[in-house]
Structures are given as C-alpha cells and as structure tokens.
Number of protein chains: 2
Amino acid sequence: MADYPPVYVTVDVVVLTIRDDTLQALAIRRGGPPYKGRWALPGGFVQQREDLPDAARRELAEETGIEVEPAHLEQLGSYGAPRRDPRPDRIISVAYLAVLPDLPDPVGGTDAASAHWVPIDELTARPLAFDHAEILADGLERARAKLEYSPLATAFCGDRFTIGQLRRVYEVVWSARLDPSNFHRKVTGAEGFVVPTGERATGGRGRPAELYQRGSATVLHPAILR
Amino acid sequence: MADYPPVYVTVDVVVLTIRDDTLQALAIRRGGPPYKGRWALPGGFVQQREDLPDAARRELAEETGIEVEPAHLEQLGSYGAPRRDPRPDRIISVAYLAVLPDLPDPVGGTDAASAHWVPIDELTARPLAFDHAEILADGLERARAKLEYSPLATAFCGDRFTIGQLRRVYEVVWSARLDPSNFHRKVTGAEGFVVPTGERATGGRGRPAELYQRGSATVLHPAILR
DNA sequence: TCAAAAGTGTTGAAACTACACCCATGA
DNA sequence: TCATGGGTGTAGTTTCAACACTTTTGA
C-alpha cells in the first residue's frame, strides 16, 4: 500500500435555498491563501473514520452554524484534476448538494468563519476559489434537472406549504414563469408528490390556499416538465 | 496539511457491453486477499499526477487488454464508507461507467490478469468483492435511466448500426420488448439522435435496413420512454 | 368594490399505443 | 412461395398548453 501515493480528500457542499424570491447559495470568504479574499464553497477535510455524507453534514454545521439536517443531501461527484489545488499535495474533493428551506435566522450567528447567503447570479458572476465555479454549476444543473422528475422542490419548502409556494420554487430555480392553473393540476396529479393536510394558509392576499406536505414518492409520474 | 489523514484513492469501472444478445460486464477474478477468488470490478490506484478519467481509461487498458477508447465514459460517484475495504488504510473509490460496442476479440489476450465478460444476471447473483455489488447496481441503474433521455444506446453499437440493432440494445438493457414500428418512429423523430448514412445493411434476413450513425444530440427530445 | 391569488373547465394540439399493412430480401 | 425483419399509415387514447372563468379573501 505504501507503494501508492496518498492523497487528501475534502468535501465541498453546494448549499441552496430560496431567500427573497431568489435562489441563493452558501459561500465563505477565504481568509488566507490560496485564493485569499475569494468566495469558496463550504467544505473541509474528511476525517479518518468518517463517512462521506457525515463529513458533508459536519462541515455544513461547523462552518456555517446551520444546525438543521438538510432536507436533501446527495453526492454530486468527485473533482480530482491534478492541479485543482495549487498546493503541492494531491487534493481530491467529493462534492455534495444540499437543499434547505428558507431559514428564519441568518447564518454565521455562531463563531462560524464568514458564511453568507449569496444570490446565485452574484456568485456565478465572479471568480470562485479552486474549481468551485464548476462544482457550483454542476450543482445548479443537478438541482434544475431533479425538479423535473423528483420531489426535490419540497426540500426548499418548510414541512407545510401551498402549491403557490411550490410553484415559486420552480419559477425561481428555473428562471421561468409557469402557468398557475396547469401547475396546480400537474402537482396534485403526480402520484405521491404532495398530500393535502386539510388546513388552509392564512394571511395572504386572495383566496386561502390548501396546505400540503411532502408525499412518499421518490420519482414523479408524470414528470413536471420545464 | 500533515494534520489531516491521508487516504488512498482508487478508480473502479463498470464496463458494459452487449454480447450474444445479453448485457455483460467486465469482471476480474481476484487472485489474492482480500476477497480472494471473488469477482471484482476492474480498477486500481490513482497515480500521483493523473486525472481521474485518465485513471479509469488506464485501468481499463491495463487490466483488460482493451485498447479502444470507450464510446462512453462518465463518473458514477465516489464510495467512501469507512470499512468498505477491510485493510487498515482508508480507501475511497471513484467509480466510472464505461460503455463499449461488442468487441470482435475476446478480452484477456494480453497478459491481463483474468478479465472476463460476465452476463449481468450471473454477476448480480453472486457476492462481489468490496462494495462492488452496490457500484455495479448503481452503474446499471444509471445506464438504464440514461437510455431514456440521452443517446447512450449508440455507445453499445459500432459507428454504423440499424434501427433494429439499436432497438435490441434497449430491449436487452431494459429487459423489455418494444414495438418495432413505434420504436423506429420515435428514434428517427428525436432531433439529432441518429442520422441516416444512405447505405443499407446486407446479409440479414428480411428487407435490408438503412444504416445510421450517431447524431449530435446530447439529450433526446422527445425522450424514449420505458 | 376591486385586486389578487386559488382552483376548475374547456378546447385544440401533440404524442403515444396498438395494430393493420406493404416492402424487400434469403431460404 | 414463404418466413422474416424493415418501415409506413391510421385510428383511438392520453397528455399538455393556453386561457376563460369561478371562488374567496384583504384592502
């Protein structure tokens, strides 16, 4: 085994949420070299006996002060180009995609370094550290694709939501307008996507909407097409 | 950096092809511990300055004697459960999916260890080394899903193929019968999936079929549904 | 009373399924 | 001539987009 080169393995996490009707991602301002001052994805080294998803959850909690279990966490893939980190050691990163509902409290209340929610448009407009721009782009593409055929959109909502709130998730993530009436029919018609609670939302403008919960489906039939 | 635990990184490759109207995968009989005598996926350690897809291609060539560039090569994901390898070191594997056309020459003609094409049903019926059964299952699921919305099926064919040959790829991978006439219309109607060459296949039974090449599409509109 | 959001009805277009039917070859 | 696989036509069904319309609230 000593014949083979050891490498260092990190996890990096694309953490998405919707705030102020905008798709945002968690980013950390790097305080030291390399790439000092640039935005980076939250992440860090995997510990010796730690499973990869656990490492992603730990980094999310440690670096950002977020205590909640993400509503969705999946592996994006591994990034291992030989010079992706300018330091001499070989560092391979396993990237994860996490999706959270809009959190009432802002991030960074603890001694978390300097994690911030940043609108996606701002984040993709400037150069990120390492290959994090590529990882972020892959995470966005994965999220956009999964809205079609999986119930991922519910991970952006709290445990109770209206069909209108769910539609706004699709509209924000896809940057598209959707017909409210057809969307309603598709979502309530997709087996196991959402289940009505019998309660109604209060306080909004217009007719109060039925409140729904996530259903048990893992794939949507039929899909919600873009 | 020395504060963090180094790990060893391998690549393992799920290599699929169709031989004798059967979906088959490349497997290697392990000659030493751990898991001596069991089937395993081809793979090995990543070298110090080697990109991950290059490592997958190198292992494919070295361990199996296959010299051709696979028609399709994509990353499946990383497998890093702490005890997935019984040896004391932490070993994380990056898995790839490769798809090849039916090769005229059998594998192992060189001094390749002992790589064999094994029908999927045989391979999934017995215990594999490490977590390779899980990796194989994930690779199969990925391939089955990608037939629907990507031109992956053409990677199982040579550079010229008939619609009937392409249909047999779908039927074998999905273990399903498809209506020949409707399949023909769907495939030729999907923008950029296949382009006619003007030539015709010879030697088969029945009316000679038009020969096609892969088109330029990367996603299929509309999809070929299961 | 009006604006706004929820939700239902309806209609024409598109896609899919099933299957009848013709075509062109080898045996 | 017959069996076999290639390919087109067509009719009925399902799905989907567009949009008119009703419902129910807050201002």
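Quick note: numbers below take in every heavy atom, side chains included, and nothing from hydrogens, waters or symmetry partners. Residue numbering restarts at 1 for every chain, and letters A, B, ... go by the order of the sequence lines.
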### Query
Could you give the CZ-to-C1' distance, from A:R168 to C:dA5, as a whole number of Å?
8 Å
### Task
Quickly work out the A:L178 CG to C:dG7 C1' distance and round it to whole Å.
16 Å
### Message
Nearest whole Å is fine: how far is C:dC19 C1' from B:N182 CG?
### Response
9 Å
### Of the listed nucleotides D:dG6, C:dG7, D:dT8, the one nearest the side chain of B:A209
D:dG6
### Query
Separation of B:L220 atom CG from C:dC16 atom P, in whole Å?
12 Å
### Options C:dA4, D:dT8, C:dG7, nucleotide nearest the side-chain atoms of A:R205
C:dA4
### Message
For A:W39, does the six-membered ring have the charged nitrogen or CZ of A:R30 within the cation-pi criterion, i.e. under 6.0 angstrom from the centroid and within 45° of the normal?
### Response
no
### Query
C:dG7 phosphate, OP1 or OP2: any side-chain N/O from A:H184 under 4.0 angstrom?
yes
### Nearest-nucleotide comparison on DNA chain D, the residue closer to the 5′ end among A:L225 and B:G206
B:G206
### Query
In terms of the angle between their ring planes, are B:H132 and B:F130 parallel, tilted or perpendicular, with boundaries placed at 30° and 60°?
tilted
### Query
To the nearest angstrom, how far is A:I163 atom CD1 from C:dT8 atom P?
10 Å
### Task
Give a yes or no on whether the ring-centroid distance for B:F161 and B:Y212 is below 6.0 angstrom.
no
### Summary
Taking D:dT25, D:dG7, C:dA18 as options, the one with an atom nearest any side-chain atom of B:D179 is C:dA18
### Query
Are A:R185 and C:dG9 close enough that a side-chain N or O sits under 4.0 Å from OP1 or OP2?
no
### Query
How close or far is atom C1' of D:dT15 from atom NE2 of A:H221, stated in whole angstroms?
15 Å
### Task
Could you verify whether a donor N or O on one side chain and an acceptor N or O on the other, from B:T17 and B:D102, lie under 3.5 Å apart?
no
### Task
Please determine if a side-chain N or O atom of B:K186 lies less than 4.0 Å away from the OP1 or OP2 oxygen of C:dT17.
yes
### Message
Any side-chain N or O of A:R207 below 4.0 angstrom from OP1/OP2 of D:dT23?
### Response
no
### Message
Counting the atoms with a prime plus P, OP1 and OP2 as sugar-phosphate, which does A:G203 contact under 4.0 Å by heavy atoms, base, sugar-phosphate, or nothing?
### Response
nothing
### Query
How long is the line joining CD of A:E210 and P of D:dT24, in whole Å?
13 Å
### Distance test, side-chain N/O of B:R200 to OP1/OP2 of D:dG6, below 4.0 Å
no
#### Entry: Gap between atoms CD and P, on B:Q165 and D:dG7 respectively (whole Å)
11 Å
### Query
Got a sec, which residues hit salt bridge (Lys or Arg N to Asp or Glu O under 4.0 Å) with B:D54, two or more places apart in sequence or on another chain?
B:R57
### Query
Which of these nucleotides, C:dA24, D:dC16, C:dC16, is closest to any side-chain atom of A:P222?
D:dC16
